[in-house]
Amino acid sequence: MNCCLTEEDILNDILLSEKTISNNYSVALSEMSNDKLYKKVMNIFMDTKDIAREVYIFMYNNGMYDITSEDETKINESCMKYEDKKTELC
């Protein structure tokens, strides 16, 4: 039985971990009262975002992260739908 992880499995795990870490830092930052600590943690937060972006770009460039394109008409319809909802809320 072969139970080894592929490069794609490992990169997916890293990307998911970076997203989770980033989300946790985001919550902490929004509730941080010490300005000096906020600035230090903000730098770490930005590093996690940069790492996630680098992993994503690597995966995308190597065919490991598939994105399907959408018809421009459908994109415009979705934008209008949410603009209408936004107008209803305001």
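Reckoned from all heavy atoms, side chains included, excluding hydrogens, waters and symmetry mates. One is the number of the first residue; the rest follow in order along the sequence.
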Peer 1: Please enumerate all residues that pass side chain to side chain contact (heavy atoms under 4.5 Å, CB included) together with Asp9, with sequence neighbours excluded.
Peer 2: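 With sequence neighbours excluded, Asp9 shows a side chain to side chain contact (heavy atoms under 4.5 Å, CB included) to Leu5, Thr6, given in chain and number order.
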
Peer 1: Among residues at least two apart in sequence or on other chains, which ones pass side chain to side chain contact (heavy atoms under 4.5 Å, CB included) with Asn24?
Peer 2: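 Asn24: side chain to side chain contact (heavy atoms under 4.5 Å, CB included) contacts with Thr20.
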
Peer 1: Can you tell me how far apart CD1 (Ile14) and CE (Met59) are? Round to the nearest 0.5 Å.
Peer 2: 9.0 Å

Peer 1: Is there a path from Leu15 to Ile57 through hydrophobic residues (I, L, V, M, F, W, Y) whose side chains come within less than 4.5 Å of each other?
Peer 2: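 They do share one cluster, since a chain of ILVMFWY contacts under 4.5 Å joins Leu15 to Ile57.
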
Peer 1: Restricting to pairs with a member in residues 64-85, which pass side chain to side chain donor-acceptor pair (under 3.5 Å), not counting sequence neighbours?
Peer 2: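 Found Asp71-Thr73.
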
Peer 1: State the SG-CD1 distance between Cys79 and Ile75, to the nearest 0.5 angstrom.
Peer 2: 7.5 Å

Peer 1: Please tell me whether Ile67 and Leu11 are part of a single hydrophobic cluster in this structure, the criterion being side-chain heavy atoms less than 4.5 Å apart.
Peer 2: yes

Peer 1: More than 12 heavy atoms of other residues, nucleotides or ligands under 6.0 Å from CD of Glu8: yes or no?
Peer 2: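 Yes, the 6.0 Å shell around CD holds more than 12 heavy atoms from other groups.
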
Peer 1: Scan for ring pair (Phe, Tyr, Trp, His ring centres under 6.0 Å) pairs involving residues 3-22, sequence neighbours excluded, and state none if there are none.
Peer 2: none

Peer 1: Suppose we screen for side chain to side chain contact (heavy atoms under 4.5 Å, CB included). Which residues come up paired with Asn62, at least two apart in sequence or across chains?
Peer 2: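 Once residues adjacent in sequence are excluded, the partners of Asn62 under the side chain to side chain contact (heavy atoms under 4.5 Å, CB included) criterion are Phe58, Met64.
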
Peer 1: Give, for atom OG of Ser26 and atom CD1 of Ile21, the distance between the pair rounded to the nearest 0.5 Å.
Peer 2: 13.5 Å

Peer 1: Which atom pairs, one a donor and one an acceptor, fall under 3.5 Å between side chains of residues 30-51 and the rest of the protein, sequence neighbours left out?
Peer 2:
residue	atom	partner	partner atom	Å
Ser30	OG	Val27	O	2.8
Asn34	OD1	Lys36	N	3.0
Asn34	OD1	Leu37	N	2.8
Asn43	ND2	Lys39	O	3.4
Thr48	OG1	Phe45	O	2.6
Lys49	NZ	Ser22	OG	3.2

